[in-house]
Amino acid sequence: MTSARHYSVPGVPGLAVGVLDIGLACCSLEIAAAVTAGLLVPAEAGAADSSILLVSGTVTDAMAPAVMAAWNDLSEPRRGVSFGACANTGGPYWDAPTVLKGIDQVIPIEVYVPGCPPRPEALIAGLTELAAR
Amino acid sequence: MRQVSAADWAAELAERQAAGFDFLDMITGVDRLESIEVIASVMRSSDATCELVSTTLDSDRTLASITHVYAGAGWYERELAEMFGVLILGSADQRPLLRRTDEGAPTMLKSTVLGARVLTPWPGDADASDDAKANRRRQRAVGVAEGWLVEEGSTDD
Amino acid sequence: MTERVIPPNAHSLIGLNPDACTSCMICVRECPVWCIDLASHTHEVTEEGARRPKVVHVLDEFTIDFGACMFCGICVDVCPFDALAWSSGLDQSAHSAGGLVHGIDQLVKWFPASGS
């Protein structure tokens, strides 16, 4: 489960990302859309200088330990990206007693991508933001 | 929609399966306040025809498991138990899906207080202007029942 | 790769025209995720020739938390004064969840120019 996929980002030279995509809800479709639209291009492993945990979708309390385990298994240096309203703050499920109010409660997040869901372009903008940091 | 009594639930679904409805689409509950309605959607995959089967539970909120008819029903029955407080009889797996403990009221019942909606200050509660607050009527957020917001020593109008 | 263009009617950003906003609070109360906050004060204006002063709401603060916003557009739909509107473009990522809370200064830039 914890082997990351590697991508390069056309339009952002030098950005190579190893992404472990944890798709928990509908936002995950936008990650797939980014790949099929050519915004993320599968690349050789080893080009990336850090691993990224990309959390998209609703994180329930029941699922949180699995996300934490994925984070802990990721090789250093590792960076966390939260994609979409659910992962950011709980989003539409902000009042649900069984949903985490943001994935940053359990793992460190460096970039928060807004949207419900965010567009695939917003993912690229977020990754660019992360690379520039 | 085929309405059956709770006692006939399992038999009716076995009959549906025998009639070619080979795929269980889903089972869900509906809180009708005075009772819980359970609805199953089954599909015949050969021609994509769907049928709904509905039953209204008695006050004991008990329903026989249909996992022996549709194995996939187990997941939905766990949902019914955890979120609607339905007692499922005869299913092997009774573990809650989302909650880590058995504590707390079933989350999908309309009577269940959502703590976050009570503890989070509703931005719509305040009249926009402070000076108009004195003579405003107290407003309540959608989905927050009367009585949820009663503070100690105050009255909820 | 062909140039990808975000369609102009995409639900990407919500802009505010503070001049059109009357602080009526309808958007705040209709928002399903409680992500809009609004503060205002009132003051009295006496127009020339008027017998009585009228009470005017002055908008002080208006924030949308795009970390929680589910871009449903209910606020845009319910506003009686068209003070909220969709615009194209991409909301920026932030380095904290709080960084996704945007106030009047930002929201006014996202309000589409008339005619769009």
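FYI, side chains are in, hydrogens and waters are out, and symmetry mates aren't considered; it's all heavy atoms of this structure. Throughout, protein chains are lettered first and strands after them, A, B, ... in sequence-line order, and every chain is numbered starting at 1.
- In terms of heavy-atom proximity, A/Cys116 sits nearest to C/Cys69 at CB-O, 3.8 Å.
- The ring pair (Phe, Tyr, Trp, His ring centres under 6.0 Å) analysis of residues 66-86 of chain C, with sequence neighbours excluded, yields the pairs C/His11-C/Trp86, C/Phe66-C/Phe71, C/Phe66-C/His102, C/Phe66-C/Trp110.
- Counting heavy-atom pairs closer than 4.5 Å to chain C, the top-ranked of the candidates A/Pro92, A/Pro118, A/Pro117 is A/Pro92.
- Separation of atoms CG (A/Leu127) and OG (C/Ser93) is listed at 8.5 Å; rounding is to 0.5 Å.
- Nearest heavy-atom pair across A/Tyr112 and C/Leu100 is CB-CD1, 3.8 Å.
- Each of C/Pro32, C/Ser96, C/Cys72 has some count of heavy-atom pairs under 4.5 Å with chain A, and the biggest count is that of C/Ser96.
- Interface summary for chain C: among A/Gly102, A/Gly90, A/Gly115, A/Ala125, the most heavy-atom pairs under 4.5 angstrom belong to A/Gly115.
- Within the structure, salt bridge (Lys or Arg N to Asp or Glu O under 4.0 Å) contacts touching residues 66-79 of chain C (residues at least two apart or in different chains) do not occur.
- For the atom pair A/Trp94 CH2 and C/Met70 CE, the distance stands at 11.5 Å (nearest 0.5 Å).
- One N or O on the side chain of C/His95 and one on the backbone of A/Glu110 form a donor-acceptor pair closer than 3.5 Å.
- Residues forming a side-chain contact (heavy atoms from CB on, under 4.5 Å) with C/Glu61 (at least two apart in sequence, or on another chain): C/Ala39.
- Of residues 78-87 of chain A, those residues with a non-hydrogen atom less than 4.5 Å from any non-hydrogen atom of chain C are, in numerical order, A/Ala85.
- Side chain of A/Thr89 to main chain of C/Gly67: a donor-acceptor pair is present (N/O by atom type, distance under 3.5 Å, no hydrogens or angles).
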